[in-house]
Amino acid sequence: MSADITTINPANQEQIATYTHMSDAEAEATVDACHEAFMSWRETSVTDRASVIKAIGQGLRDNKEAFAQLMTQEVGKLIGDSRQEIELCAAICDFTAENGPRELAEVERDIDGGTGVIAHAPIGVIYGIQPWNFPCYQAVRYAIANLMAGNGVLLKHAANCTGSGLFLRDVMERSGLPEHLFSVLVISHDQSDRIIQHPRVRGVTLTGSEVAGRHVAEKAASVLKKSVMELGSNDAYMVLDDADLDLAVETCVAGRLYNNGQTCVNAKRFIITEKNYDAFVEAFTAKMKAVELGDPTAEGTKLGPMSKVDLRDALHEQVEESIAKGARALCGGTVPDRTGAWYPATVLVDVAPGQPAYDDELFGPVASVIKAKDDEDAMRIANDSRYGLGGGIFSRDAKRARELAIKYFDTGMVSINRYNVALPNMPFGGVKDSGYGREHGGFGIKEFVNTKSVYLAA
């Protein structure tokens with residue numbers, strides 16, 4: 001058979017490897033094998049599962065450099081970010097191994113005439129459809145929780161990081177995970193729709209765009225299967241009247257450019273009160289303008305290429321449309337004359353409703369700066385979005401910022417005087433068009449279990 005997938009290095013457009021899509025029969029056999037592995041794994045005690053999960057974390061650390069180099073080659077991540085990603089994934093394994101048995105422990109309650117038992121039973125094969133921006137983390141995030149719960153796991157990874165998905169599978173199996181329990185499907189989108197409908201697939205989780213989320217959620221709902229959706233966002237970072245401006249500028253630059261600006265929880269909209277607007281824009285633009293594009297494998301590089309040329313071109317179209325509708329680029333905003341998926345750090349001001357820079361997610365190193373009249377207006381603008389994944393508040397009054405975050409900020413996650421991506425012990429997820437369900441923090445372990453009530457007579 002001819003190869004259906006060719007992975008390409010976005011920094012130089014050189015081919016990395018080729019892969020052939022599975023036939024329908026091969027894909028179905030993979031599902032069946034995962035189910036058979038699950039039938040044994042569900043009988044494994046939670047403590048023994050935890051031991052395997054712990055070993056996977058060590059396996060990731062043992063293979064960190066090789067895995068990091070592969071990720072950087074496939075998607076253009078800065079090599080330092082790739083290494084940090086492996087460490088995060090290993091930490092997720094450690095947290096899950098330590099806390100999973102307690103999260104899944106049976107609970108007894110007094111009931112009339114007896115004892116009630118609450119148990120969390122695994123349900124079967126969980127199918128994950130994952131994007132390219134964190135080739136290891138996106139898969140580990142849902143897979144480790146579900147393996148701990150006793151489920152089997154299927155992965156359809158983004159085509160451009162196919163190698164990373166297979167590498168992760170091999171690390172897991174070398175670390176002691178039973179063969180086929182975590183299986184990679186090298187399949188097309190049409191085949192993926194059929195996998196969702198497979199009777200042995202019991203749940204579906206996707207990280208990706210809202211368009212992909214609507215499609216996959218509809219397919220899962222049509223066969224009454226639970227789904228978890230972690231979708232796009234347009235995270236707002238508010239700089240309030242009493243903010244530490246130096247801290248805000250430094251943090252916002254880092255938050256916008258992390259992972260080459262290609263993270264669902266990147267800081268994307270910067271909402272600055274009138275009191276601080278001019279000073280923030282001047283300092284922020286100077287720092288963004290000073291960031292140079294460079295080789296992602298080099299240690300000192302601050303901004304590498306985007307993951308694919310077509311995604312870079314789509315981002316540039318959003319910038320051009322925003323400018324045509326009244327925005328101004330204070331730096332960046334042009335496609336460099338060089339081979340690869342390169343795009344410079346860009347700052348847009350005069351951003352307003354009706355522009356992609358205001359309404360939509362700009363998945364790349366482009367910052368949208370918006371002026372607010374005061375703190376109250378800043379919160380209004382922050383919530384004026386169909387998305388609700390993350391966001392941030394800069395204020396010297398931490399108590400007030402905490403209250404604003406909890407009571408008024410309509411997102412799943414809020415950072416105060418800092419930028420944060422994900423932590424193993426804190427829940428991750430959003431609201432509105434950013435999706436539903438939670439991962440991490442013990443919450444992900446229970447997304448795809450049968451919480452079962454057992455009534456015992458006295």
Which heavy atom in [X] sits nearest to a heavy atom in [Y], and how many Å separate them?
X	Y	answer
Ala149	Val449	CB-CG1, 3.7 Å
Lys226	Glu447	NZ-O, 2.6 Å
Asn266	Tyr419	CA-OH, 3.5 Å
Asn160	Val75	ND2-CG1, 4.0 Å
Arg269	Ile370	CD-CD1, 4.2 Å

Verify the distance criterion only: is there a donor paired with an acceptor across the side chains of [X] and [Y] at less than 3.5 Å?
X	Y	value
Thr72	Thr297	no
Asp190	Ser188	no
Tyr343	Asn260	no
Gln73	Gln69	no
Tyr436	Glu230	no

Inset, instruction - State yes or no: are the ring centers of Trp132 and Phe363 separated by less than 6.0 Å? - result: yes

Legend entry - Output field: ring centroids Phe134/His157 closer than 6.0 Å: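 Phe134 vs His157: aromatic centres not under 6.0 Å.
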
Who pairs with [X] by ring pair (Phe, Tyr, Trp, His ring centres under 6.0 Å), at least two apart in sequence or on another chain?
X	result
Tyr142	none
Phe67	Phe167
Tyr237	none

Contacts of type side-chain hydrogen bond (donor to acceptor under 3.5 Å, both in side chains), residue [X], not counting sequence neighbours:
X	result
Gln58	Asp62
Asp410	none
His198	none
Thr47	Ser45

Inset, instruction - Verify side chain to side chain donor-acceptor pair (under 3.5 Å) between Tyr387 and Asp235, making sure each step is shown before the conclusion. - result: CA-CA 8 Å; Tyr387 297 111; Asp235 287 8; over 6 Å; no

Please enumerate all residues that pass salt bridge (Lys or Arg N to Asp or Glu O under 4.0 Å) together with [X], with sequence neighbours excluded.
X	result
Arg49	none
Asp24	Arg194
Glu74	none

Inset, instruction - Hey, can you tell me if Phe38 and His35 have their rings parallel, tilted or perpendicular (30° and 60° cut-offs)? - result: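 Rings of Phe38 and His35: tilted, as their planes differ by 30° to 60°.
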
Inset, instruction - Going by the side-chain contact (heavy atoms from CB on, under 4.5 Å) test, name the single residue among Asp170, Leu166, Leu168 that passes it with Val184. - result: Leu166

Inset, instruction - Flag the pair Glu361 / Glu210 as yes when at least one side-chain heavy-atom distance between them is below 4.5 Å, and no otherwise. - result: no

Legend entry - Distance (rounded to the nearest 0.5 Å) between His440 NE2 and Ile445 CD1: 11.5 Å

Just by modelled atom types, is the [Y] backbone N or O under 3.5 Å from a matching donor or acceptor in the [X] side chain?
X	Y	result
Thr115	Asp110	no
Asn234	Leu362	no
Arg438	Gly430	yes
Glu85	Tyr137	yes
Ser227	Val204	no
Asn151	Gly124	yes
Asn259	Gln262	yes
Ser434	Leu389	yes
Glu26	Ser23	yes

Legend entry - Arg214/Asp433 ion pair, N-O < 4.0 Å: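 Yes, this pair counts.
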
Legend entry - Residues Glu98, Lys54: salt bridge by 4.0 Å N-O rule: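 Salt bridge flag = no for Lys54 with Glu98.
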
Taking only distance into account, with no hydrogens and no angle test, what donor-acceptor pairs under 3.5 Å do side-chain atoms of residues 302-313 form with protein atoms, sequence neighbours excluded?
from   : atom 1 : to     : atom 2 : distance (Å)
Arg312 : NH1    : Gly340 : O      : 3.4
Arg312 : NH1    : Trp342 : O      : 2.9

Inset, instruction - Using the side chain to side chain donor-acceptor pair (under 3.5 Å) rule, collect all pairs that involve residues 119-130, keeping only residues at least two apart or in two chains. - result: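 Only His120-Thr451, Tyr127-Ser192, Gln130-Thr207 qualify under side chain to side chain donor-acceptor pair (under 3.5 Å).
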
